[in-house]
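Below: the structure, in structure tokens.
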Amino acid sequence: MKTKILLNENQLPSQWYNIIPDLPGPMAPVINPRTLKPVTPDDLLTIFPMSLIEQEVSQKRWIDIPDEVRDIYRLWRPTPMYRAHRLEQALGTPARIYYKYEGVSPAGSHKPNSAIPQAWYNKQAGIRRLATETGAGQWGSSLALACSMLEMECTVYMVKVSCTQKPYRKSLMEMWGANVIPSPSDRTGAGRSILAKEPDSPGSLGIAISEAVEDAATREDTNYALGSVLNHVCLHQTVIGQEAIEQMKLVGDYPDVVIACCGGGSNFAGLSFPFLADRAAGRNVRCLAVEPASCPTLTKGIYAFDYGDTAQMAPIAMMYTLGHDFVPPGIHAGGLRYHGESPLVSQLYKAGEIEARSYKQNTCFEAAILFSRHEGIVPAPEASHAVRAAIDEALQAKEEGKEKTILFGLSGHGQLDMGAYDAFLSGQLEDYEYPEENIRKSLGNLPKVEI
Ligand SMILES: *Cc1c(COP(=O)(O)O)cnc(C)c1O
């Protein structure tokens, strides 16, 4: 009975799976926030390279992974899959539980899977510097890693409160050579206008995005990179699910349910999209996206056109949203606090091809601690949402006395998130009620797009 299910380096996928041609219906257009007309490639060329803009709308089902990107992936890919024998035993469940572990990447999460190719395509286009934002620091550190591997400069606007709350992620970015700027800063017009009104502003992801986009738009040698939500980010993450399918074959099993946590959606997309291709071909598999109850985008949001950012500078997309000015409570799963959702994941949810569920944070931390006591790995607070759902599926199988195969994505480790575990272990972690009132207010400010 295997515990670690491993692939050889030569089984690293050579292509990414693009779900766009297999979607249930055409994609809605993406809208320019200034003209309220569909965006043109030219609108995006000031901050993205043409190759990535093409991937946003490509109708090709399989897209080759460049050799140099595969060489860098090889530093940690293929990632391991584990059979959670010890957790199964502790739960007394007849279910078989597997998890695909992305915490073995140098940055400790799935995010480098897209950071590396994004940096590579930008370098090919003659760009020598990338600007981005980061909240908790997972994306910033992944892009810092990518830029260091590809000898590019990297500037990260980091939400000011996170710089003090997560000092080690800042150190990690600086170790990999990035320039980390607490946001709001005096480097950009967006930052200066916030500081003029509120000199002690703690910052927000929305403000940091505005600063990074302005930086990229005003410098010829600089582009912008986003860590989730966009179609090309979901595309790059599909190495996860492709490897998982091969790993399940090695043990002669196949999941009844595939579970992943969902912030902007790229992690869920990465694991589930290759399985959804099987589903489209007639295979019986459920895919379940798990989100925090305090930021319940799929489970409580509406499917509508909305801005990608608070400052209304980013394109407008058709997606599940809580409203672009919705500010979720300060939960510890910082990577799951985005107001919107990947348009691809949103369209699949709308069509009933995937399921969604939400949990409060204390029950997720309980699940993470149970998991770590039997399996050892400390899950990232984001990933603890998937752990909770996997355990609940296993307990349901026990109640029904049914065999079931469960696969979940362990998207990262939590060794730089011990402050959150401290808060939980000392009983100081708050559960936030679903902030219905704030969401209703925020949903009143959606843009009026007529197409
Ligand atoms: C960022 C992050 C997530 C959320 O990823 P999305 O692709 O935006 O849904 C999940 N887990 C970990 C460990 C992360 O760092």
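None of the values given here were measured: they were computed from a predicted structure. Start at 1 and go down the list; that is how both ligands and their atoms are numbered.
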- Before accepting this row, confirm whether a basic side-chain N of the pair Glu436/Lys300 lies closer than 4.0 Å to the acidic partner's carboxylate O. no
- Does the ring centre of Tyr254 sit less than 6.0 Å away from the ring centre of Phe275? yes
- Task: Decide yes or no on salt bridge (charged side-chain N to carboxylate O under 4.0 Å, His left out) for Arg96 and Asp256, but give the supporting numbers first.
- Result: CA-CA 10 Å; Arg96 290 182 294 279; Asp256 295 297; 6.0 Å; no
Provide, line by line, the atom pairs where ligand 1 and the protein bring an N/O atom each to a distance under 3.5 Å; else say none.
residue	atom	partner	partner atom	Å
ligand 1	7 (O)	Ser228	OG	3.2
ligand 1	7 (O)	Ser266	N	2.9
ligand 1	7 (O)	Ser266	OG	2.6
ligand 1	7 (O)	Asn267	N	2.8
ligand 1	8 (O)	Ser228	OG	2.7
ligand 1	8 (O)	Gly264	N	2.8
ligand 1	9 (O)	Gly263	N	2.7
ligand 1	9 (O)	Gly264	N	3.2
ligand 1	9 (O)	Gly265	N	2.9
ligand 1	11 (N)	Ser411	OG	2.7
ligand 1	15 (O)	Lys111	NZ	2.6

- Message: Holding to side-chain contact (heavy atoms from CB on, under 4.5 Å), I want the full list of residues that pass it with Arg279, two or more places apart in sequence or in another chain.
- Response: Leu276, Val285, Glu353
- Query: Between atom CD1 of Ile97 and atom CD1 of Ile391, what is the distance when rounded to the nearest 0.5 Å?
  - Reply: 7.0 Å
- Partner of Phe273 under side-chain contact (heavy atoms from CB on, under 4.5 Å), chosen from Leu344, Asn18, Leu235, Ile240: Leu344
